[in-house]
Each structure stands twice: as C-alpha cells, then as structure tokens.
*Asks:* 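The structure's right below; bear with me while I get my questions together.
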Amino acid sequence: MSRYDPSVIEPKWQEQWETRRPFKTPTDLAELTKKPKYYVLDMFPYPSGAGLHVGHPEGYTATDVVARLKRMQGFHVLHPMGWDAFGLPAERAAVRDGLHPAVITKRNVDNFRRQIKRLGFSYDWDREVDTSAPDYYRWTQWIFLKLYEKGLAYMAEVPVNWCPALATVLANEEVKDGKYVETGDAVERRLMKQWMLRITAYGDRLLEDLDALDWPEGIKEMQRNWIGKSEGAEVRFGLEGRPESFTVFTTRPDTLFGATYCVLAPEHPLVAAITTPAQRAAVEAYVTEAKNKSELARKEDAKTKTGVFTGAHAVNPATGKPVPVWIADYVLASYGTGAIMAVPGHDERDHEFATTFGLPIIEVVKGGADVAAQAFTAPGVAVNSGLLDGLPTAEAKKQMTAWLEARGLGTRRVQYQLRDWLFSRQRYWGEPFPIVHLEDGSIATVPEAQLPVSLPHVDEFKPTTDGRPPLARAGDAWLGVTLPDGRKGVREVNTMPQWAGSCWYYLRFLDARNDAQAWSPELEKYWMPVDLYVGGVEHAVLHLLYARFWHKVLFDCGLVSTKEPFQKLFNQGMILASSFQDARGKYYAPAEIDDREDGAFVKGSGERVKKQIEKMSKSRLNVVSPDDVIRDYGADTLRLYELFMGPLEQVKPWEMKNVGGCLRFLERVWRLVVDEETDASTVKLTDAGPESEPELHKALHKCIQLVERDTLAMRFNTAISHMMTFANEATGAKTLPRAIARTFVTVLSPYAPHLAEELFSRLGGEGLVSVAPWPRFDPALVAEDTVTYAVQVLGKLRAELRAPVGATEAEVRALAEADPRVKAWLDGKAVKKFVFVPRRLVNFVVA
RNA sequence: GCACGGGUGGCGAAACUGGUAGACGCAGCGGACUUAAAAUCCGCAGGUCCUUCGGUGGGCCGUAUGGGUUCGAGCCCCAUCCCGUGCACCA
C-alpha cells in the first residue's frame, strides 16, 4: 500500500479494537473510583428496516469525538450503544412477511450494528442493550411494579384513537388529521379501559427542575408549554331554579363582574339535566354532532364559533345576576372543569362567540379601546366591578379570589395542560404488563421473583376477531395464572408503549449484564447523571419528559441518587439533501441527474429538472446511506464531513462534492508521513527534536489548544479547520520532525481514528493512539510575541502595523502616527480622542 | 395567531466578551510538474470605481430591510420583511 486507502486500514484497525478492547469501561468500582467519570450518551435508535442514513451518525460521531478526547484526558468514559427494539413497524412487517417480530428485529439490529461499527465508534459493546430482550424488559416490568405500588399506574376509561381498518388502537403520534399516517385509514375516538400513568402528579417538579438543567432553552420552553401550568381560580356557579351547580376554571378571576354568560363543553355531565324542553332538540343535535366530529373537522371549524343555548341560567356569584348557559365545542371537556365563565370584553374567543350570538359585552378592565369592537386582554385597571374598582389587574385577581374563598364560592387553583400518560397499547411487540386480573375483578401484580412475564407464542400478530389485543390469542397456559397464594386470574393482554424501554435504558447501561438487579446502586452513584446526551429535537417533549418522570419516581423510591437523568442535552440539526423533481412532480435519483453549474438535467433525455434541498426521504429519492459514503470515501472521511459541514445544532444540506474536501485533507496528512511511491517514511520526516522547526512547533501547540477548546465546546467544524490549517503549514515546511507528526496524529485521532492509528504506528508510537494521553499544549509556545494592530481614523481602517505584545498605548500611538498612510489621514486635523484596545486596534477620532 | 430558532461571498461556513468581516473547505481562475490529462504542489479570489508598464497603490460600498446607541455594530436597542421548527380554541 502506498496511497491512502481507507478500505485497507479501516478494517485493520477495527479488528485491532475488537480484539484488544481499548474501549471497554471497567465494571469494578475500585478501579473506577481511581479516575473521574464522564458519561456520554446517544439517543439509541429504533432499528428500522431501512437502515441508517447519514443523519444518524452525525450525533454519534459528535459524541464519539468527545468520548475519545475525554478518555485520552484521563476520564473513565461510559459510551454505550443499544437498541430501542420494540415497536410497531416490526410488528407490521411481521404480519406482512409472515415472520416473527423478533426475527425481523434481530435482522434489523444486526444491520444497524454492522453499519454503526463501520464508522469506528469507541462504544463499549459489552454493554449493548436491547429493550425487547427478556433480560431487559424484565426490569422494565419491575419498574412498572414500582409505579403501580406508588399508586402512579391505574386503569381508567379514556378516549383513544381507534382504527377500525386495523382493529387496533393507535398512538397519538401515529395519527394526523384524523387519519393513520401510514395507510390513510380513518381513526375515530372511542372510550376504552386503559392503563394510565399519573405523570400529572409530577407536573410541578418536572417544571421546576428544568431550570437547573444545561439544556437548549428552546427545548426547556417546549417542555414548559407542554406541562402548561396556569394559575387562577375555580369559581362555582349556582343555577337559577335548580339545586345543581357547576365549577369553572379561570385565570382571570378579576373579570368575574364581566362574565355575561357561561359555556359548558358538549360532553359536560350537567348538559342533559339542565336543558329546558324547548331547547332539548337543538342541544341534543349539537351534542351528537360534536361527538361525531373528527379531530380534523373540529380543527378546521376552529375559525368559526358554534354553540347552542341550553335554556338554563346560572347566577354570577359576583353580581348576583342571572347569566345564560350555553354549550359550545370551543370549550374542551378535557381541560379544566369542562366549563367556563365567558368574559367577552376581555377574552378573544368569548368575544367572537358573543358577537356571533348577540350576547352582552361589558367592560370591566380599563386600558383598551372599545370592548364592543375588540376584546382587551392585557392587564389594566378594574372598572364596573364593585369592590375591585380602581385596582390594577394583578391586585384585583388576588382580591377577587380572597372574596370568593371567604364566601365559599371559589378557591385558588393551579391547572396543568399536561394529561396523564396513556400507557397501554393493543399490540403484540411490546412489554407485557406484570398484571393479573383476578376472578373477583380485582387486580394483582406478578411477584418480582416471577419476572419477566415473557411474550407468549401466538398464531398471528393481529387482534382477535372480537377485537381483543393479539396477546389474547395466547393459549391458556400463558393467559391463566395461579398466584402463589392460590388466587386465580388471567393475564393483562395489553402491552406497554414503545416509550417504556427508553425511559430507563441509560440506567441499564451502567450495569448491563447484572442479572440480579436492574443496576447496582454503587455504580449508579458513580456514573449518574449523564454528562452529555445528544439526539434529535423530535424527542424534545415525549421521550425526554417520560424519562424524566420515571427518573423522579425512581428517585423517590431511593433507587437513583440524582433528581434529573440528563445534565446536559444537545440537539443535532437535521441533515437535508438535494432532490431533483421534474415539471410533473416526479423525483429522480441523483445518479440519474447531471448536476451542472447552469442547472440540473436528466441524463439521456436532457430534460431540465428543479433542484431543491429537502428532508431526506425514500419518496424523494434523496436518502444518503453511510454505506455508500464509506465505500467511496472511507469512514474517517465520513466522520470528518459529518462534523465539518457546519455547527452540530444547525440544519444543513449534505453535499457530496464537499465530502471530497475532507478526503483530500486526510490524504494530505497521509502524504506528510508516507511516501506514496515507496510506502516508506517521507524524506522530510526527521528524527530531530520539535525545536528544529520552531514555526511548525508553535503551530502544533496552537492547534492542540484550539482543537481541545473547540471540541469540548462542541464546535467540531472549527476544530477541524484548525487541523487543516496545521496540515497546510506542515506541507509547506521544509522538514517534519517525527515528534511533531506523532503529536499531530494524536490530536487528529478522535476525529479520524483509523488513519491516526495507522500513522501513529508508522511513526513508532507505543500502543494504540486511541488510548494515548492527550497532548498538553505549552502556553509559552502558544503566546505570540508580536501582534497586529489595526489603525483606524474615525472608525475606518487605514493601516495595519506590528507591535510587541507588551507595547504601551504611547508606543503604539507613536508607531501609528509615524505611518505615512495614517499621516495622510491625520494631516491638518486635531485628534480629539485616541482609543487604544490592547493587542487589537487603535482609533484616532479627529475633528 | 403564539413561542423558539435562523437570514453573512457563486456555495457550506468563520468572527473569543462591541474592536482588521469572509478563517477553513467546495466550486472557480492562473502557474509549476506531465507528451497530454488526472492527481499533486504554488498562488489568486466579496462587489465596484480610480490608478499603474505591471502580478502596483488606493477610494467607496458591503453581514435581510429601515432607524437608533457608540470613537467603533454581523454582534446591543426599536420597527419591518423572509425562511425553518414546535404548539395551536388550554379559559
């Protein structure tokens, strides 16, 4: 071999890593406590049948570079990988292909593992986990028991997304606009008895503990919105001539005097009772219509307000006056109390409704324009409000709430948008619940010692003909249970949703092969929390909220030692790719296209097509596979380009042309060390000390400093540019001391580990560069002795000059004034002011 | 509609805390090497105008748009436009 050939050196070093196991993290606590720890985690993938595209390894490469650098800096690094292996696609493929989901999953996992290994990541593969393996989901079930014991898991009759065509329930994220996203089949709302997790009990803590986390502000904000805490009051409204009453929730108790009507959700339990005979037909028609309205229709109708008068009147507790009670679908049964007091003067929705149906509008907060024309929702000063008159909104809220509380008419109330988590699915390929339904109708848990409750054999992965979940197809041997105390029952046939396994996998990685415990408490104390967690924004809310919830429950059980699982979170931006589309909208694969300066054309026909940058997808024919990139450029080039493209957090387009630039850089590094003709060392490589090339020696130390700084700050693109700068300088140098080359290769190794190993060994390095100590830069070499000053006159650049680092203001000023280019601009003018920024610039302010 | 990101050369992007805008790379151009090409190596390169025999020297403009603060603004403040993402009748 003479030329740089990644297809030879990459397998060679991957094999070395496989046999010598440099990335195996100790499991022995005594060994671990000798060094500081660093836990760097990727969001583990769902192993789909499509395999990886170049978007996946972006985050993986970033964490790998950090893991490698930290390891070289003397940390014990935990850097694991695993599979979020339960999920619907495998089950659907199983039905289609007549295979077991476990077989399909294994095939996909094997493919993912192969693809990931080709990138040369420094994972500790001895800790690989698979959420669908019984020795993993055993502990998922065990955690569920903890939740159940704490009263956080319960069964309830709730509305679910039911798809008649598939005879199964779908998750919210699988339904868009009232249709199943995969097949377009209609989905309807149906009441079913389901398992729920009481995440709402943790709403406040999930909200408050966000503040201390080093997460992107946007993600924290999304979680805050999702939890949706709002503070206000509950107010009870009595009914005129009836014994019942209903309660409304409001964030604006100060506007109670302006409540001119009330609205109940169509599903509100009181609707049937209070409707007057004259209104009954209209109300019933409206209720039926609302019930049958699909999500889509309800969303579309959001622009126009509809509703019906019930005929009943409630009493405004502040004014004592009767107000009409309406029903309308703009009031949601699922939020607050399912009933509102309507204040059209100060709420846009109420205003629109009042205008549509001619209901009275009263101004009770001063500060806006005419409330008859437009609702005034900002804070102001209370008017027409009896005891509140003259009070600013904040004060009026407090007064009104106190007044209501004193009379037993209302109370302070905090309301969340967060709902309890619907935790069961009618699927086969998920964790069975460790639950038995006894003959007397009560629920019992499976004893811990009997876990796991394994997935049973079934003849088909479809619901039963009478619509029960696939697990109901299991034989009596699985379904029928006799508990140790002799009670009999049948197993729960729902399974857990895909989120369950990913709620705690970061804990299993700490102690992945422990078959007596989910994890050892000592290892948990050593490793947690995760120091760096990298993944896509698509998990901003669900996964990250669910995992935080479970973690807090485990914390309350004394099973983990930290309040939060993920101290620092980083989101990588999506990678886009060019797609080509003709006038009829047909897509073309890049291979069919001649992409030139003057436009893109179909090869053969020469038809002009539109080139655009879009999200990668099969249908757009623009998916880039890492396998292809590795075949053409090598894994090191792929790794480098993934990070050189731009800032990790940014959305950016994949440009195959630019990949070549990264390959050229690595080839250049190769040629610094290896003579392409002879395969021996290059002639410029010398055994002289690094001081023999003082300029290059300085450049090297500068490079160490900058690469270290930028890598730890996760600015990988600039870290790479500094290495390119060094390689360019080394190419121009007359000689290259071996010691300098070896150090540079060490610095390069987190980014391009295969090439680095090869060159390190050729340069006589001891052992593997992947676990060599990270070089320390010499501050004396990094320091400059002269600096360039910019000389400005009136803020405009007129000259540059070199001056010693320690030059005083007077010295630099004298140098600047002596410069003829500056003189010309200062000629005949009085200097009013002289600005001196040490080491940077001077500015003459002239009259 | 609301919230959060983001608009810098032909392109991906740099610019530490308000201090020389465009590092590094792609594409492009010129030169060397070669019979030739590729590869490689060396160099040029925001726009525009003037100047010079010239590969010289210089002016002006320029970080989405319009204002402001400052000796000095890509960066800070106000307003506007465009793009992306998330949420969306949440009382």
Side-chain angles (χ1 to χ4, degrees), chain A residues 3 216-222 224-226 228-230 232 248-252 255 263 298-299 301-305 328-332 334-343 346-350 352-353 415-419 537-538 540-541 571 573-574 576 597 615 640-641 644-647 649-662 664-665 667-668 671 676 709-710 713 715 717-725 727-728 731-732 788-800 821 824 831-846:
Chain A
R3 281 184 65 105
E217 213 30 65
I219 303 290
K220 289 201 211 178
E221 202 51 35
M222 280 166 78
R224 287 190 192 107
N225 290 340
W226 190 267
K229 181 178 182 172
S230 51
V248 303
F249 172 71
T250 178
T251 55
R252 294 293 302 273
T255 61
V263 185
R298 211 158 156 156
K299 252 181 199 166
D301 292 351
K303 295 152 211 147
T304 54
K305 294 274 179 293
D329 66 3
Y330 84 90
V331 173
L332 308 175
S334 52
Y335 183 76
T337 59
I340 63 155
M341 65 180 213
V343 185
H346 304 283
D347 182 283
E348 277 162 21
R349 295 151 303 179
D350 297 344
E352 197 190 328
F353 192 82
Q415 181 68 39
Y416 296 92
Q417 263 169 258
L418 183 68
R419 307 292 154 78
V537 251
E538 64 273 21
V541 179
N571 292 119
M574 204 181 357
L576 311 175
E597 287 269 292
K615 197 171 162 174
L640 219 50
Y641 181 63
F644 186 62
M645 283 166 88
E649 67 275 18
Q650 221 164 79
V651 175
K652 39 202 178 293
W654 185 274
E655 284 290 355
M656 221 36 119
K657 277 191 292 194
N658 294 354
V659 179
C662 290
R664 280 217 279 265
F665 161 64
E667 286 172 336
R668 179 170 269 220
R671 281 193 301 268
E676 295 197 304
R709 185 195 70 190
D710 285 356
R715 294 196 300 256
N717 54 330
T718 51
I720 293 167
S721 78
H722 300 311
M723 292 189 280
M724 289 172 165
T725 303
N728 291 346
T731 303
T788 306
Y789 275 86
V791 183
Q792 296 183 337
V793 177
L794 266 177
K796 284 195 184 273
L797 181 71
R798 296 305 178 192
E800 286 174 11
R821 291 168 299 181
V831 177
K832 269 204 310 196
K833 188 174 170 187
F834 179 73
V835 180
F836 176 69
V837 182
R839 306 163 67 104
R840 291 205 169 271
L841 64 60
V842 293
N843 188 6
F844 293 91
V845 185
V846 294

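What you see below is based on every heavy atom in this structure, not just the backbone, and it leaves out hydrogens, waters and symmetry mates.
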*Asks:* Looking at every non-hydrogen atom in both residues, tell me the closest pair between Ser230(A) and Phe249(A) and how far apart they are.
*Replies:* O-CZ, 3.8 Å

*Asks:* Whole Å only: how far is the CD atom of Gln792(A) from the C1' atom of G19(B)?
*Replies:* 7 Å

*Asks:* Is the shortest heavy-atom distance from the side chain of Asn728(A) to the side chain of Arg668(A) under 4.5 Å?
*Replies:*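 Sidechains of Arg668(A) and Asn728(A): in contact.
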
*Asks:* Which way is the base of G31(B) turned, syn or anti, if we draw the line at 90° from 0?
*Replies:* anti

*Asks:* Of the non-hydrogen atoms in Lys615(A) and Met574(A), which two are nearest, and what is the gap between them?
*Replies:*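 Shortest heavy-atom contact: CG-SD, 3.5 Å.
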
*Asks:* Measuring only the C1' atom in each nucleotide, how far is A3(B) from A21(B)? A whole number of Å is fine.
*Replies:*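 After rounding to an integer number of Å, I get 32 Å for this pair.
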
*Asks:* Select one nucleotide: of A91(B), U40(B), G19(B), the one nearest the side-chain heavy atoms of Arg664(A).
*Replies:*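 Of the options given, the side chain of Arg664(A) lies nearest U40(B).
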
*Asks:* Could you state the CZ-C1' distance from Arg419(A) to A88(B), rounded to the nearest angstrom?
*Replies:*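 It is 13 Å, rounded to the nearest whole Å.
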
*Asks:* Nearest nucleotide by nearest heavy atom, which residue falls closer to the 5' end of RNA chain B, Glu667(A) or Tyr789(A)?
*Replies:*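 Closer to the 5' end of RNA chain B: Tyr789(A).
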
*Asks:* Between the protein and nucleotides 57-62 of chain B, which nitrogen or oxygen pairs are less than 3.5 angstrom apart?
*Replies:*
from	atom 1	to	atom 2	distance (Å)
G59(B)	OP1	Arg798(A)	NH1	3.2
C60(B)	OP1	Arg798(A)	NH2	3.4
C60(B)	OP2	Arg798(A)	NH1	3.2
C61(B)	OP2	Lys796(A)	NZ	3.0

*Asks:* What is the separation between atom CG on Asn843(A) and atom P on A73(B), rounded to the nearest whole Å?
*Replies:* 10 Å

*Asks:* Between the protein and nucleotides 9-17 of chain B, list the N/O to N/O atom pairs that are separated by less than 3.5 angstrom.
*Replies:*
from	atom 1	to	atom 2	distance (Å)
G12(B)	O2'	Met645(A)	O	2.6
A13(B)	OP1	Gln650(A)	OE1	3.3
A14(B)	OP1	Asn717(A)	ND2	2.8
C16(B)	N3	Arg840(A)	NH2	2.4
C16(B)	N4	Arg840(A)	NE	3.1
C16(B)	N4	Arg840(A)	NH1	2.9
C16(B)	N4	Arg840(A)	NH2	2.3

*Asks:* To check you understand the geometry: which heavy-atom pair defines the closest contact between Met341(A) and Thr255(A), and what is its length?
*Replies:* CE-OG1, 3.7 Å

*Asks:* Under 4.0 Å between a side-chain nitrogen and a carboxylate oxygen: does that hold for Glu217(A) and Arg224(A)?
*Replies:*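 The answer is yes: the pair qualifies as a salt bridge.
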
*Asks:* Identify whether any heavy atom of Thr788(A) sits under 4.0 Å from a base atom; if not, whether one sits that close to sugar-phosphate; answer base, sugar-phosphate or nothing.
*Replies:* base

*Asks:* Rounding to the closest angstrom, what is the interatomic distance between G57(B) and G5(B) at atom P?
*Replies:* 45 Å

*Asks:* What are the two closest heavy atoms between Met222(A) and Ala540(A), and how far apart are they?
*Replies:*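 So the minimum-distance heavy-atom pair works out to CE-CB, 3.6 Å.
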
*Asks:* May I have the distance from Glu649(A) (atom CD) to C4(B) (atom P), rounded to whole angstrom?
*Replies:*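 About 18 Å, once rounded to whole Å.
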
*Asks:* May I ask you to evaluate whether Asn225(A) reaches the phosphate of C2(B), defined as a side-chain N or O under 4.0 Å from OP1 or OP2?
*Replies:*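 So the side-chain polar atoms of Asn225(A) never come under 4.0 Å of the phosphate oxygens OP1 or OP2 of C2(B).
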
*Asks:* Assess Lys305(A) against Phe353(A): is NZ or CZ under 6.0 Å from the centre of the six-membered ring, and within 45 degrees of the ring's axis?
*Replies:* no

*Asks:* If you check the Val835(A) side chain, which of U40(B), C71(B), A23(B) turns out closest?
*Replies:*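 Among the listed nucleotides, the one closest to the side chain of Val835(A) is C71(B).
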
*Asks:* Taking all atoms of both residues into account, what is the closest heavy-atom pair of Ala342(A) and Tyr330(A), and its distance?
*Replies:* CB-OH, 4.4 Å

*Asks:* Taking the side chain as everything from C-beta on, heavy atoms only, tell me whether Glu655(A) gets closer than 4.5 Å to Met645(A).
*Replies:*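 They are not in contact (no side-chain heavy atoms under 4.5 Å apart), so the answer is no.
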
*Asks:* Between atom CD in Glu352(A) and atom P in G1(B), what is the gap in whole Å?
*Replies:* 15 Å

*Asks:* If the cut-off is 4.0 Å, is Arg3(A) near the phosphate of U40(B), judged by side-chain N/O to OP1 or OP2?
*Replies:*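 For Arg3(A), the contact criterion (side-chain N or O under 4.0 Å from OP1 or OP2 of U40(B)) is not met.
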
*Asks:* I need the minimum non-hydrogen distance between Asn658(A) and Tyr641(A), along with the two atoms involved.
*Replies:* CB-CE1, 3.6 Å

*Asks:* Flag the pair Ile340(A) / Asp350(A) as yes when at least one side-chain heavy-atom distance between them is below 4.5 Å, and no otherwise.
*Replies:*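 Ile340(A) reaches Asp350(A) side chain to side chain.
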
*Asks:* Start at the 5' end of RNA chain B and walk down; is the nucleotide closest to Arg668(A) or to Met341(A) reached first?
*Replies:*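 The answer here is Arg668(A).
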
*Asks:* Listing time: all N or O pairs from protein to nucleotides 31-34 of chain B that are below 3.5 Å?
*Replies:*
none

*Asks:* Considering only heavy atoms from C-beta outward, does the side chain of Val845(A) approach that of Leu794(A) to under 4.5 Å?
*Replies:* yes

*Asks:* Taking CG from Asp710(A) and P from A23(B), how many angstroms apart are they, rounded to a whole number?
*Replies:* 17 Å

*Asks:* Which nucleotide sits closest to the side chain of Lys657(A): G19(B), C42(B), A27(B)?
*Replies:* A27(B)

*Asks:* Out of U20(B), C89(B), C24(B), which nucleotide sits closest to the side chain of Asp329(A)?
*Replies:*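 Closest nucleotide among those given: C89(B).
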
